[in-house]
*Asks:* 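Here you go, one structure.
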Amino acid sequence: KRPPSLPSSELKDDMTDLGLAYLAKQGYERYEISAFSTPGSQCVHNSNTWQFGDYIGVGAGACGKLTMASQIYRTQKQSSPKLYQLNPLAYAKRELVSHDRLAFEVALCGLRLVDGMSWDDVTSRSLPITGMEIRSKLASVLVPDRLQFKPEAFHYYNEHLVALLS
């Protein structure tokens, strides 16, 4: 068997528009690329994560992001429940996020949010050069004063992030 063919861009756009209209009619607002809520009920953990905030992974296989001494680390606990229970404080992985990957990671997170992030927050949660790198590669699809997609660019999140990898 061959996998089913993907719908055309026009059909995907139409399906997205119908879904967004339905959710709005039900009282839901989009606050993130894949998250909707009623006003005032946004998930605090998700909002922190997408604003490039720190979080600690708790439990087998849990991931985290920690900023220590101006360096950013990605962490992961043991995946196996047995190994995790032997030493729940130990990390299976703790990797320093390299400077050349930082702009992509910040954009990957901040651009998920409908309202994006302020450039001051980008700088305070990463490095000053990060905001400049993102702006230079994505200027045509960002609003002028924030790490935020223009409304017409938001639906093409993945395609725009690829530009940061080149």
Side-chain angles (χ1 to χ4, degrees), residues 6-7 9 12-59 61-68 70-77 93 95-166:
L6 295 174
S9 292
K12 286 190 289 185
D13 289 346
D14 289 346
M15 291 168 60
T16 297
D17 291 343
L18 285 170
L20 292 172
Y22 176 79
L23 288 166
K25 189 175 177 182
Q26 303 304 312
Y28 288 87
E29 297 175 348
R30 185 182 213 174
Y31 68 95
E32 186 242 304
I33 197 153
S34 61
F36 299 77
S37 72
T38 55
S41 298
Q42 295 89 352
C43 176
V44 175
H45 168 74
N46 287 356
S47 295
N48 175 65
T49 299
W50 305 140
Q51 291 174 38
F52 214 58
D54 288 345
Y55 55 96
I56 298 171
V58 178
C63 297
K65 179 198 158 274
L66 301 172
T67 305
M68 296 182 286
S70 298
Q71 295 189 312
I72 297 168
Y73 295 88
R74 292 285 181 190
T75 62
Q76 184 174 0
K77 298 289 188 168
K93 282 191 216 174
E95 296 176 349
L96 178 65
V97 176
S98 65
H99 290 261
D100 57 341
R101 177 120 175 117
L102 193 56
F104 177 75
E105 290 226 5
V106 171
L108 180 74
C109 291
L111 289 171
R112 290 185 64 89
L113 298 167
V114 171
D115 294 331
M117 291 173 63
S118 73
W119 290 116
D120 287 342
D121 284 345
V122 169
T123 299
S124 70
R125 295 175 186 172
S126 58
L127 296 169
I129 192 72
T130 304
M132 290 185 285
E133 183 178 345
I134 294 168
R135 281 188 251 207
S136 72
K137 292 186 176 185
L138 296 178
S140 66
V141 295
L142 297 178
V143 299
D145 57 343
R146 295 180 65 75
L147 175 61
Q148 177 183 354
F149 279 130
K150 293 176 181 175
E152 65 275 11
F154 193 69
H155 291 307
Y156 300 98
Y157 170 85
N158 291 335
E159 291 86 341
H160 296 307
L161 286 181
V162 169
L164 284 174
L165 295 174
S166 58

*Asks:* For R74, is there an ion pair with E95 - N to carboxylate O distance below 4.0 angstrom?
*Replies:* no
*Asks:* After noting the C-alpha distance and the side-chain angles of I72 and L96, does the key distance pass the side-chain contact (heavy atoms from CB on, under 4.5 Å) rule?
*Replies:* CA-CA 6 Å; I72 297 168; L96 178 65; 5.8 Å; no
*Asks:* Measuring from D54:CG to N48:CG, what's the distance to the nearest 0.5 Å?
*Replies:* 7.5 Å
*Asks:* Okay, side chain of K150, backbone of S140: is any donor-acceptor separation there less than 3.5 Å?
*Replies:* yes
*Asks:* Counting distance only, does the side-chain N/O of Y31 pair as donor-acceptor with the main-chain N or O of S41 below 3.5 Å?
*Replies:* no
*Asks:* Any chance you could measure L161, atom CG, to K137, atom NZ, to the nearest 0.5 Å?
*Replies:* 11.5 Å
*Asks:* Between R135 (side chain only) and L138 (backbone N and O only), is there a donor and an acceptor less than 3.5 Å apart?
*Replies:* no
*Asks:* Which is it for T16 and H155 under the side-chain contact (heavy atoms from CB on, under 4.5 Å) test, yes or no, and what are the steps along the way?
*Replies:* CA-CA 9 Å; T16 297; H155 291 307; 3.3 Å; yes
*Asks:* Evaluate the ring planes of H160 and F149, with Trp represented by its six-membered ring, and classify them as parallel (under 30°), tilted (30 to 60°) or perpendicular (over 60°).
*Replies:* tilted
*Asks:* Ignoring hydrogens and geometry beyond distance, is a side-chain donor-acceptor pair present between D120 and S118 at under 3.5 Å?
*Replies:* no
*Asks:* Let me see the working for W119 and I134 under side-chain contact (heavy atoms from CB on, under 4.5 Å), right down to the final yes or no.
*Replies:* CA-CA 10 Å; W119 290 116; I134 294 168; 4.0 Å; yes
*Asks:* What is the distance from atom CD of Q148 to atom CZ of F154, rounded to the nearest 0.5 Å?
*Replies:* 9.0 Å
*Asks:* Say whether, by atom type as modelled, one donor and one acceptor occur between the side chain of K65 and the main chain of F52 under 3.5 angstrom.
*Replies:* yes
*Asks:* If we ignore angles and hydrogens, is there a donor and acceptor under 3.5 Å between the side chains of S34 and E32?
*Replies:* yes
*Asks:* Please evaluate residues L113 and Q51 with respect to the criterion side-chain contact (heavy atoms from CB on, under 4.5 Å), reporting the C-alpha separation (whole Å), side-chain torsions for both, the decisive distance (0.1 Å), and the verdict.
*Replies:* CA-CA 8 Å; L113 298 167; Q51 291 174 38; 3.5 Å; yes
